[in-house]
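For reference, the structure discussed in these notes is given below.
Numbered from 1 within each chain, the chains take letters A, B, ... in sequence-line order. Values below: every heavy atom of this structure, side chains too, minus hydrogens, waters and symmetry copies.
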Amino acid sequence: MDMDNPDSKRKAPRRKRDIRVILHFDLDCFYAQCIENANPHLKLVPLGIKQKSILATCNYVARSHGVRKLMGIHEAKRLCPDLVLADGEDLSPFRDVSKKIYSLLKSYSWNGRVERLGLDEVFLDVTDVVAYNLELLNHHCLEQSWFCLSREDPERGFGFDASAVAGCSWPLDDPDPISKDDDDDDDDDDALRLRLRLLLGSHLAFYLRQQIEHLGYTSACGIATNKLLAKLAGDKNKPQNQTTLLSSHSPASFLDPLPLSKIPGIGSKTITALKNLLKTDNDDNLTVRAARTNPAVSPAALERLLAGGGERGIGQRIWLLLHGIDTGEVKPARDVPRQISIEDTYRGLASLSHIREGLVQITASLLRRMHVDLVEDDSTEHVTTSSVSSTSSPAPPAATTTGAGKKGRRRWTAQPKTLRLTTRPYYPPSERDRYEYNHGRVSKSVALPRFVFDLGAETEVIVDRLVEGTLLPLFHALNPDSKRLSIGLLNVCVTNMDGGNDGGGGGDIVAAFRRQKEVEEVRAVAYGCLSDHDHDEEEDGDVVEEEAEESDMEEAEWVEEEDEQDGMRCRLCGCVIPFFAAEAHGRWHEVGEG
DNA sequence: GACTACAGTT
DNA sequence: AACTGTA
């Protein structure tokens, strides 16, 4: 086998130069900034954002008292009795701000490569913008340069001093003169151009941070030739400055002193594995240098060590990371999220009614988010800037009249296909330490019933039907033992968005049309039997005839087919039950009604 | 320890 | 479709 080339572990991997310019923005203590901007007087007091019993984050006033993120409320209060606590459990205000900043940055991208990492970090690949401006540069008058932000409109841009890097750089004592030593000119030229590219990146970053600041937010930024280095560089001068990694071509001296845990992609599991390989328990010894120079560390060895959890090629990837090489591209901005999930943790949800309550709760907020993220207002089309009046709009258009449905005002930009429920048991503090905190996490997915896409219906009704018809059965399937029931986590997630593609019903217009029909169908059937008559066993056909005005004969077929696909329709409540859950659902009726 | 969200791999 | 890992 050609497993590992003995050489490969010795010398640093051969690098073909990375010629990209990557920016990494990081909004410092993001939640706190959001809250502070909404209530400016909080800027001067120690502020903590709490989720359950811990601090998600806190502002710098609080930090000066020794408070740290992820600290328990009690300890934080002890350290800083004046600590003001804000509730951070509803993420929607944070998401709104995050989206605003994200679209700001996106609007400056030429290639659309704008990747969001969590709510408070954004990668930007600005290689093209920088290359364009590199050509524009007048090398005889660097001090008065013009940075062009638009190819079409040369006026759009800003003046800057291209003789110096904007913000901080690394290494600090920037050995400006590109060493005109012995080496051939090609290398020098390369190095010069690399330096200039990064320099241009630094000015763009500076400008963009100013724009973010106009929105009221401060940020840090890292400028380098790949995502790994950009992210790590940004850490150097947090929270409110930027750092350009000028030595991108030989990052060893930059990376070597860092603890391994700092490397994005190396988490707790990987650290544990590496401890074995490096034969150390001392965390101080767990630096990039230690791993990089240890002969036991080779791509193949790492692969053997880490591939247990699945990932193929992870050994190679980690090893390259240790050498400062990260080939990961900044992924193009996605129009719709890949998945939407809501979860909540509990201190032992034990009874069915409590569980139901919890499910209703998170399902409602899931539905709200689906509307926020996936429903587009047709009339307003491409209005990206929601700059106005978003401060405190009183109750958005929450289900405006079921009856007087305005024709085609709003529509789904994507429809998730599957619904997943995840639960985790609750362990009382006494037996807590016997398991890791995620022990016992289980999940199960089903097709997402289509009636959730009904825009004309009351949210409440949809939630109710989803919980009772789908989620509770799902829950029973996951937790068959109803005797010893104690839940620590509920998570509901919709995935498999279709951007108008394959899936269960072809792509394009026809499919969309058919899907719309289905929605109307199901809705007619559903509400027919829910609201009007408690639960008579009406023939589906009858109800359809009555409720769906514009229906043709086609539609009846669809109802049939859907029954076949998704399962069977419960005669008691009218829900479509996946076959596997039919029995559990039946039990639910017994328990619930009896 | 304790929170929420997301994504990659089988 | 389920699980695992990470920020």
Side-chain angles (χ1 to χ4, degrees), chain A residues 24 26-27 30-31 48-57 68-76 87-92 94-95 98 115-123 227-228 231-232 235 260-273 306-314 317-318 321 328 331 334 336-347 362 365-366 369 373 416-424 426-448 474 477-478 488-497 578 580:
Chain A
H24 174 263
D26 191 341
L27 283 294
F30 179 59
Y31 288 9
I49 314 302
K50 99 171 154 65
Q51 283 173 337
K52 295 290 149 49
S53 60
I54 65 168
L55 290 184
T57 188
R68 294 286 172 267
K69 56 164 59 171
L70 295 188
M71 188 177 263
I73 297 286
H74 286 115
E75 196 183 351
D87 184 26
E89 273 161 48
D90 178 10
L91 300 182
S92 30
F94 309 129
R95 274 193 272 266
S98 172
E115 183 179 347
R116 218 140 64 104
L117 190 59
L119 290 182
D120 62 344
E121 293 178 46
V122 179
F123 286 104
K227 294 210 297 184
L228 169 76
K231 175 157 182 160
L232 292 174
D235 283 344
L260 283 170
S261 55
K262 284 270 184 191
I263 307 297
I266 299 188
S268 57
K269 300 288 181 187
T270 313
I271 289 286
T272 315
L306 305 172
E311 240 175 297
R312 180 204 55 178
I314 188 178
R317 201 157 63 244
I318 299 279
L321 288 180
K331 294 187 209 82
R334 248 187 94 79
V336 292
R338 205 162 234 98
Q339 57 180 217
I340 299 176
S341 87
I342 300 287
E343 75 182 36
D344 213 342
T345 53
Y346 309 88
R347 283 167 48 252
I362 57 180
S365 65
L366 178 69
R369 267 198 66 205
D373 291 355
K417 289 215 177 32
T418 57
L419 174 74
R420 178 174 65 228
L421 175 70
T422 304
T423 71
R424 162 161 53 82
Y426 173 77
Y427 298 110
S430 49
E431 41 187 306
R432 187 76 49 83
D433 45 354
R434 272 195 280 156
Y435 310 100
E436 52 184 46
Y437 88 108
N438 249 340
H439 180 85
R441 217 170 160 203
V442 285
S443 63
K444 194 162 184 60
S445 322
V446 291
L448 176 64
L474 222 38
L478 287 173
L489 169 84
L490 292 177
N491 169 298
V492 179
C493 179
V494 288
T495 55
N496 255 323
M497 314 286 176
F580 77 86

Taking the side chain of [X] as heavy atoms from C-beta outward, which of [options] is closest to it?
X	options	answer
A/Thr418	B/dC6, B/dA5, C/dA1	C/dA1
A/Ile54	B/dC3, C/dC3, B/dT4	B/dC3
A/Lys331	B/dC6, B/dT4, B/dG8	B/dG8
A/Gln51	B/dA7, B/dC3, C/dC3	B/dC3
A/Leu117	B/dC3, C/dA7, B/dA5	C/dA7

Would you kindly give the [atom1]-to-[atom2] distance between [X] and [N], to the nearest whole Å?
X	N	atom1	atom2	value
A/Arg116	B/dC6	CZ	C1'	11 Å
A/Leu27	C/dA7	CG	P	18 Å
A/Glu343	C/dC3	CD	P	16 Å
A/Asp26	C/dA7	CG	C1'	11 Å
A/Arg441	B/dC6	CZ	P	13 Å
A/Arg95	B/dT4	CZ	C1'	9 Å
A/Tyr31	B/dC3	OH	P	14 Å
A/Asn491	C/dG5	CG	P	17 Å

Just call it for [X]: base, sugar-phosphate, or nothing, with non-hydrogen atoms closer than 4.0 Å on any strand.
X	value
A/Pro337	nothing
A/Ile342	sugar-phosphate
A/Lys231	sugar-phosphate
A/Gly72	nothing
A/Arg347	nothing
A/Asp344	sugar-phosphate
A/Leu91	sugar-phosphate

Is any side-chain nitrogen or oxygen of [X] closer than 4.0 Å to OP1 or OP2 of [N]?
X	N	answer
A/Arg424	C/dC3	no
A/Lys444	C/dA1	no
A/Ser445	C/dA2	yes
A/Thr345	B/dA2	no

All ring-ring contact (aromatic ring centres under 6.0 Å, His included) counterparts of A/Phe94, not counting sequence neighbours: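 For A/Phe94 the ring-ring contact (aromatic ring centres under 6.0 Å, His included) partners, ignoring immediate neighbours, are A/Tyr31.
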
If you measure only the distance, is there a donor-acceptor pair under 3.5 Å linking the side chains of A/Thr423 and A/Arg441? no

Are A/Glu75 and A/Arg68 within salt-bridge range, i.e. N to O under 4.0 Å? no

Distance, P atom - from B/dC3 to C/dC3, rounded to whole angstrom: 22 Å

DNA chain B: A/Ser341 or A/Glu75, which has the more 5' nearest nucleotide?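 Upstream on the strand: A/Glu75.
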
Separation between NZ (A/Lys69) and CD1 (A/Ile49), nearest 0.5 Å, reads 12.0 Å

Who are the side-chain contact (heavy atoms from CB on, under 4.5 Å) partners of A/Thr418, not counting sequence neighbours?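 With sequence neighbours excluded, A/Thr418 shows a side-chain contact (heavy atoms from CB on, under 4.5 Å) to A/Thr495, A/Asn496, given in chain and number order.
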
Quiz question: going by heavy-atom distance under 3.5 Å, is there a donor-acceptor pair between the base of B/dG8 and the side chain of A/Arg338? no

Is there side-chain contact between A/Val442 and A/Lys444, with heavy atoms separated by less than 4.5 Å? no

Go through the steps for A/Leu55 and A/Ile73 under the test side-chain contact (heavy atoms from CB on, under 4.5 Å), then give the verdict. CA-CA 6 Å; A/Leu55 290 184; A/Ile73 297 286; 3.8 Å; yes

